[in-house]
Amino acid sequence: MESPPESARSSPEAEVGMRVEDLWEIQEPQLSPSEKLNSCFESIFVTSFPQAPSSQVIEIPSDSSLADAVKILSQNKIMSAPVRNLKAPKNASWIDRYIGIVEFAGITVWLLHQSELAASEKGAGSPIKEPITEGIVARLNSVKVESKDDGIKTSVLEATDSMGGTFLETLITSDFYKKTKVQDISGSFRWAPFLALQKSDSFLTMLLLLSKYRMKSLPVVVLGEEKIDNIITRSAVVHMLAECVGLHWFENWGKMKLHELGLPSNRNKIIKVSEDDSIIKAFQLMRKRRIGGVPVVDNSGNKAIGNISIRDVQYLLTAPEMYKGYRSITAKDFIRSIKSYLNTHDDASPRFLGLLTCHSENTIKDIILKLDSEKMQRIYVVGKDDNLEGVITLRDIISRLVHEPNGYFGDFFDGVVPLPQNSRV
């Protein structure tokens with residue numbers, strides 16, 4: 001892929017790159033390239049990061065229903081948003097003003113977990129205590145429960161496989177889904193911890209939090225003001241890097257091949273699902289292994305035929321009609337149904353993302369440009385005969401750009417909102 005034209009240098013991202021370039025040129029010559037980059041990024045404040053579109057700096061009121069939250073996320077074409085605590089006093093600090101970040105994936109997994117609980121209690125012969133609607137319980141009652149050595153068990157996998165798409169439709173048309181409030185699922189599955197940046201924090205802090213500390217997005221707050229000033233995502237950082245092509249500091253780093261940077265770090269240990277596996281199993285696997293996506297492989301187990309991302313979980317909430325009539329929703333069915341759905345729904349967002357591949361001999365620059373161009377979160381490394389060898393994510397890329405100096409964060413994490421004790425992220 002060719003470098004962007006010089007006119008792109010006027011973009012806000014390129015201006016940041018030029019600042020890094022100026023700082024790069026005056027670094028002490030004895031410093032290594034990695035130390036130079038750390039020093040450069042530590043000297044730039046997050047106020048310099050390009051502003052996210054206003055449609056992405058969205059807050060969801062804590063008393064919104066799950067249905068309303070899904071609608072807000074879908075209409076604004078975003079995957080997550082901070083939740084504003086309506087019970088907080090007007091003069092509250094940002095720690096008390098927000099209770100976390102809610103995601104499409106979090107809502108879906110929480111709903112499925114409630115169904116798992118209902119199925120488990122039903123299988124054990126106990127009264128259903130969770131607030132599941134009668135319609136859902138009735139469908140769960142139609143599932144055959146098998147007796148295991150350690151007792152009677154069933155799961156949402158068995159339920160959804162037996163009931164197909166009608167189960168999902170029943171779930172999200174229930175009063176349970178429409179009346180449960182966002183604040184009610186705080187601390188549950190995939191409820192993201194709220195960790196914000198202040199304007200005085202550096203790019204180095206931001207990059208480390210998005211990579212080593214696994215934050216997906218970082219709101220930027222203004223002390224003393226009742227608002228979020230910006231939201232910085234991994235995708236936005238990689239786009240910034242793509243705009244820096246041609247600059248000396250970027251080319252010095254970007255020319256390195258993947259294997260020289262130790263990528264992929266999970267070589268030959270890739271987590272995947274078969275085309276015949278249940279789609280619910282795929283999402284549960286992502287939850288259990290804390291990953292954002294999995295490749296779907298053919299029956300040989302080596303060649304990928306598609307990719308399913310945690311962001312695709314939105315289709316279980318926003319388009320259940322795709323699965324009507326399905327006896328069992330497999331990963332292959334899921335991919336086929338979404339492609340068909342999007343052919344007739346041009347306004348659907350985000351678009352369904354296919355499989356992106358590369359080779360270990362590619363440079364990190366190649367990968368950045370490819371991911372940014374396709375607006376994707378991961379790329380799969382393939383070897384001989386196109387067999388899967390590993391995966392590279394946006395987080396992996398950022399983690400190779402900077403490193404954490406000893407004692408760098410100090411007491412940075414003191415006083416911030418901790419991960420809820422009952423979180424199952």
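None of these values were measured; they are calculated from a predicted model.
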Under the ring pair (Phe, Tyr, Trp, His ring centres under 6.0 Å) rule, what pairs show up with a residue in residues 202-223, not counting sequence neighbours?
->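 Non-adjacent pairs meeting ring pair (Phe, Tyr, Trp, His ring centres under 6.0 Å): Phe49-Phe203, Tyr213-Phe409, Tyr213-Phe413.
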So, does [X] use its side chain to make a donor-acceptor pair with the main chain of [Y] at under 3.5 Å?
X	Y	value
Asp372	Ala242	no
Asp333	Thr330	yes
Gln51	Asp229	yes
Thr205	Asp201	no
Arg378	Asn307	no
Arg395	Ser211	yes
Glu243	His239	no
Glu35	Ser32	yes
Arg214	Leu209	no
Trp249	Met18	no

Going by the rule salt bridge (charged side-chain N to carboxylate O under 4.0 Å, His left out), which residues pair with [X] if we only count those two or more places apart in sequence or in a different chain?
X	answer
Lys255	none
Asp396	none
Lys181	none
Glu361	Lys257

Of all heavy-atom pairs between [X] and [Y], which one has the smallest distance, and what is that distance?
X	Y	value
Leu261	Arg400	O-NE, 2.8 Å
Lys365	Phe250	CG-CE2, 3.9 Å
Gln27	Cys40	NE2-SG, 3.9 Å
Ser65	Val182	O-CG2, 4.0 Å
Ile58	Pro82	O-CD, 3.2 Å

All side-chain contact (heavy atoms from CB on, under 4.5 Å) counterparts of [X], not counting sequence neighbours:
X	answer
Ile305	Glu275, Val296, Asp298
Glu28	Gln30, Leu31
Val382	Thr357, His359, Asp386, Leu388
Thr233	Ser217, Ile231, Ser235, Ala236

Can you find a side-chain donor-acceptor pair between [X] and [Y] that sits under 3.5 Å?
X	Y	answer
Ser309	Asp312	no
Arg19	Ser48	yes
Glu59	Tyr98	yes

Report the C-alpha distance between Tyr408 and Glu42 in whole Å, list the side-chain angles of each, state the deciding distance to 0.1 Å, and finish with yes or no for side-chain hydrogen bond (donor to acceptor under 3.5 Å, both in side chains).
-> CA-CA 11 Å; Tyr408 177 76; Glu42 191 174 10; 4.6 Å; no
Can you sort out the partners of [X] under side chain to side chain donor-acceptor pair (under 3.5 Å), two or more places apart, ordered by chain and number?
X	value
Ser43	none
Asn302	none
Lys212	Glu404

Asp68/Lys71 salt bridge by N-O under 4.0 Å criterion |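 Asp68 and Lys71: not salt-bridged.
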side-chain contact (heavy atoms from CB on, under 4.5 Å) between Asn299 and Ser274, worked out = CA-CA 7 Å; Asn299 291 326; Ser274 168; 4.1 Å; yes
